[in-house]
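Please read these numbers as outputs of a predicted model, since none were measured by experiment.
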Amino acid sequence: MNIDFLDGNEMVALGAFEAGCNFFAGYPITPASAILQQMIDDLPKHGGTAIQAEDEIASIGFCIGASMTGKKVLTATSGPGLSLYSENIGMAIMGETPMVIVDVQRHGPATGSATKDGASDIQFARWSTSGGYPIIALVPTNVEECYTMAIQAFNYAEQFRTPVFLLSSKEIAMTRERVDWSKIKKPEIINRTYHKPEDGKYIPYRFVNSEDIPPFAAYGGEELTRYTTSTHDENANLLADPVKIQRMMDHLNKKIDSDKISLVVKDFEEGAEILVVSYGVTSRTAREAIKMARANNVKVSSLVIHSVWPVPEKEIKNALKNVKKVIVPEMNAGQYIYEVQRLITNNAQLIGVNTMDTRLINPEKIYQAILS
Amino acid sequence: MSTTVAPASSFLFEDKKFPFCPGCGHTVSANALNKALVTLKIDPKQTVIVTDIGCVGLTDHYFNINAFHGLHGRSITYATGIKLANPGLNVIVLMGDGGLGIGGGHFLNAARRNIGITVLVFNNFNYGMTGGQHSTTTPMHGITSTTPEGNEENPVDICALVGAVNGSFAARTTVYDKDLTDIMVAAIQHKGFSAVDILEPCTAYFAKKNTMDKEGILGLMTSLGYEKGIVINKNREELTEKIKKHTAQQMAIVASKQKEQKQFKHNLIKKTSLVIAGSAGERVISSSFLLAYSGIISGLFVTQKDDFPITVMTGYSVSEIIFSDEEILYTEIDKPDYIFILSMNGYERVKNRINANTIIITDESLNMVELLKGKVDPKNIINIPIVKEARVIDKNYAVMIGLAAFLHHSNLFSQDAFVEAINTKNKPAFIEKSLQAIEVGAQMIKSLVNS
Ligand SMILES: Cc1ncc(C[n+]2csc(CCOP(=O)(O)OP(=O)(O)O)c2C)c(N)n1
Ligand code: SF4
Ligand SMILES: [Mg+2]
């Protein structure tokens, strides 16, 4: 049978297996623990290694080490654990480490409401470490997308040699839903580009154009390789020359670009002057509200953002054309609304619909904002 | 340990000289490491030097060997990841006493796990790189920039840390000792986790204010009661060896093929929501899953989410299910169509959502008709002897009786689908009684309709 009844955490794990994940390290935390559990139970069956680390700093540390031996690595946590990942996220950016970080968001800050939903970490994922360099973050809206986006997250991690966040949340992670495998479109699997012997001597951080991704060589392979957390030249040596430093940092900045990474779902209505921009589980509430509006002959368009980082600026600008009112519903005090705000060029009205009471936003609230 | 065919006479880059201050112990330790690697004839391609932060962290640049330079105190975590991912590699960590302090948890856990990495602690009793502040190994009364009057805290005994977690190898020596290279060789050859505490002078800071010549360090060791040489050397199975066996066993398990699942038809007219409110231990969640799953094989869209306290074996246990013939977008149940109340714990958790249109399925003994007077029309309360009848089968099947009652009252899909779910998704030992229970539930609704 092609039908299953699974939750988002199970689908993330299945997506990871499909993507070829062969290393996992994590630390228990609600609502992400089920991913750790499934990895411990099932990853060895796929020939991989899964381990519970002593804390989140070790979890991500193990993953970074394993990734540099050529493994496709995954870790999963929630807000408090993501906080402990911070310094290593910076290192993964600096060292150009492919890895997927699942953050099953819960209601924060700090311990917050451990078993309750919230879009707590949308900006936190983006600015989770010092330096301010870009990362990639994907946000699923349902369990099927937990699967496809887990694969996509691995693809991006491999392709761009960078940490990629999969930002699910308690509601998607722990609610079972119908899964129709016959309707799921699996992304093609992409693996990192390895250095080829015919390309000459291996230089670990070599790139020609700023946006190029340095080819990879694994520890234990035919090439000697070096990795570093420090500002480095192409041989991973400490850099002091400002010109060379600028070139390296430009590279980290430019390699991640919304021209290459831009996943949105558009549902535009001809002549609509109202636009709802949403992400995650709130996109579903928004769709419910939009259905109500359309049933009452109110024209409204929808833009669902799957790749929240980098901001899909072109898509948002395009959606904003001729719009007089923009609604951004979020299960937080307003985080992504400012990304939309900075792209508004006319005097369109911007409305945030925000709740922080751990419940999903009621469609009625968004509907009222549409009508207002 | 992997070795190379053509032995090298040195693994250091010829054109680079160590950058440490004159007289710094790090130079001695780094040169000794080179000698140890030459002695061992290691294959640089099969070896990774993992360095921490600090002056010690500059060392890897000078070796023509795979290198990983990581964060302050975290080098053991990267080394562990590398070793777990590729157990064939020789993985050698170089860290300072500073790194050992901030990352002490990793040191303890790596020793406890017995992961086959070697940790060489370049222990100069202070933070060289940041200006000579005290570290966790600074001896009592030691003068540093942050203990100008003398350290008032006890130092950590690195070898004792290994012993505390039944670690398999620990040694201590100094840069003044001839056995430095030999001890490194023994540590790297050791199959499990190995640590060497190498006592050094930091000539720029700690050695300026404290006596750190050979005699000074020896005197310090005596006063602290520190043993020298190989202090711990035990034969314990290394972690990746165990993991290898586990993985081989797991890979040999052939996944049982999922049986072709029968499909059923549904009779759903409008989206229907059900909240099941019981107590821990009543199998609320697992039973609700079976009902929800039977909706799935009847061609419906279904969502199920559960709610229970963190202390899972006490208090309420609630499951929420939505059945629909189209994609369910909003998964919250604000106004339940049905609430099945099996215990007062559950009732307290869901009572705010009871409204005039809610159909209540409940056990007689809870007196819901009385409790909900004025709130719910008694006609909407299906008051049945669930617990009493369950006892005839087994008290653990009360939820199944109530769910069958819901199914027959709502008529969303046929009982055959529920039977199929029980037969295919339940624990084998639970099947027979589950099937009995749903018959009982069905009969209760039939006799209500007839009466
Ligand atoms: C998280 C973090 N905190 C603080 C520092 C600053 N820092 C750099 S080196 C160092 C101490 C290093 O001392 P040690 O490990 O003993 O090495 P040594 O310099 O003595 O060789 C510190 C605290 C840092 N790099 N990272
Ligand atoms: S500061 Fe101390 S540890 Fe650093 S190089 Fe100088 S003597 Fe060595
Ligand atoms: Mg030191």
Discussion item. Looking at A/R284 and B/L329, would you say the former's side chain and the latter's main chain have a donor-acceptor pair under 3.5 Å?
Written reply: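 Present.
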
Worksheet item: Quick check: does any side chain N or O of A/E54 sit under 3.5 Å from a backbone N or O of B/N109, one acting as donor and the other as acceptor?
Response: no

Worksheet item: Residues in salt bridge (charged side-chain N to carboxylate O under 4.0 Å, His left out) with B/D306, at least two apart?
Response: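 Partners of B/D306 under the salt bridge (charged side-chain N to carboxylate O under 4.0 Å, His left out) test: none.
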
Measure distances from [X] to the heavy atoms of chain B and classify the residue's part below 4.5 Å as side chain, backbone, both or neither.
X      : answer
A/A236 : backbone
A/A25  : neither
A/Y219 : both
A/D117 : neither
A/T228 : both
A/T49  : side chain
A/K71  : side chain
A/E171 : side chain

Discussion item. Which one wins on heavy-atom pair count under 4.5 Å against chain A: B/H106, B/Q249, B/H246?
Written reply: B/H106

Worksheet item: Between B/E320, B/H72, B/K83, B/R74, which has the largest tally of heavy atom pairs under 4.5 Å with chain A?
Response: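 The candidate making the most pairs under 4.5 Å is B/R74.
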
Does any backbone or side-chain atom of [X] lie under 4.5 Å from a heavy atom of chain A? Answer side chain, backbone, both or neither.
X      : value
B/L108 : neither
B/K244 : neither
B/L239 : side chain
B/A292 : both
B/I310 : side chain
B/L300 : backbone
B/L84  : both
B/N64  : both
B/D60  : both
B/V302 : both
B/F308 : neither
B/R112 : neither

How long is the gap from [atom1] on [X] to [atom2] on [Y], to the nearest 0.5 Å?
X      : Y      : atom1 : atom2 : value
B/H69  : A/T229 : NE2   : OG1   : 6.5 Å
A/E223 : B/N66  : CD    : CG    : 10.0 Å
B/L71  : A/M91  : CG    : CE    : 5.0 Å
B/T77  : A/I64  : OG1   : CD1   : 7.5 Å
A/D4   : B/I297 : CG    : CD1   : 11.5 Å
A/R176 : B/I296 : CZ    : CD1   : 10.5 Å

Closest-packed option against chain B by number of heavy-atom pairs under 4.5 Å, given [options]:
options                      : value
A/I60, A/D55, A/T115, A/N142 : A/D55
A/T285, A/N88, A/L238        : A/N88
A/E177, A/H46, A/E288        : A/E288
A/G70, A/S67, A/G95, A/G65   : A/G65
A/E222, A/M68, A/M94         : A/E222

Practice prompt. Go through the steps to decide whether A/K116 and B/D307 satisfy the test side-chain contact (heavy atoms from CB on, under 4.5 Å), and finish with yes or no.
Written response: CA-CA 10 Å; A/K116 303 286 181 211; B/D307 178 23; 4.2 Å; yes

Discussion item. I'd like to know whether B/R113 forms a side-chain contact (heavy atoms from CB on, under 4.5 Å) with A/I51, so could you lay out the CA-CA distance, the side-chain angles of the two residues, the decisive distance to 0.1 Å, and finally the verdict.
Written reply: CA-CA 11 Å; B/R113 298 195 163 95; A/I51 189 162; 4.1 Å; yes

Worksheet item: For the residue pair B/Y293 and A/F5, does the interplanar ring angle fall in the parallel (under 30°), tilted (30 to 60°) or perpendicular (over 60°) class?
Response: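 Ring orientation, 0 to 90° scale: tilted.
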
Worksheet entry | Parallel, tilted or perpendicular: rings of A/Y227 and B/F68 (30°, 60°) | parallel

Practice prompt. Give a yes or no on whether A/R359 atom CZ has more than 12 heavy-atom contacts from other residues, nucleotides or ligands under 6.0 Å away.
Written response: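 Incorrect, the count does not exceed 12.
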
Discussion item. For B/F20, is the CZ atom crowded, meaning more than 12 foreign heavy atoms sit under 6.0 Å from it?
Written reply: yes

Discussion item. Checking side-chain polar atoms at under 3.5 Å, does A/T175 have a donor or acceptor matched by the opposite partner on B/Q304?
Written reply: no

Worksheet item: Looking at A/R287 and B/E327, does any basic side-chain N land under 4.0 Å from a carboxylate oxygen?
Response: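 A salt bridge links A/R287 with B/E327.
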
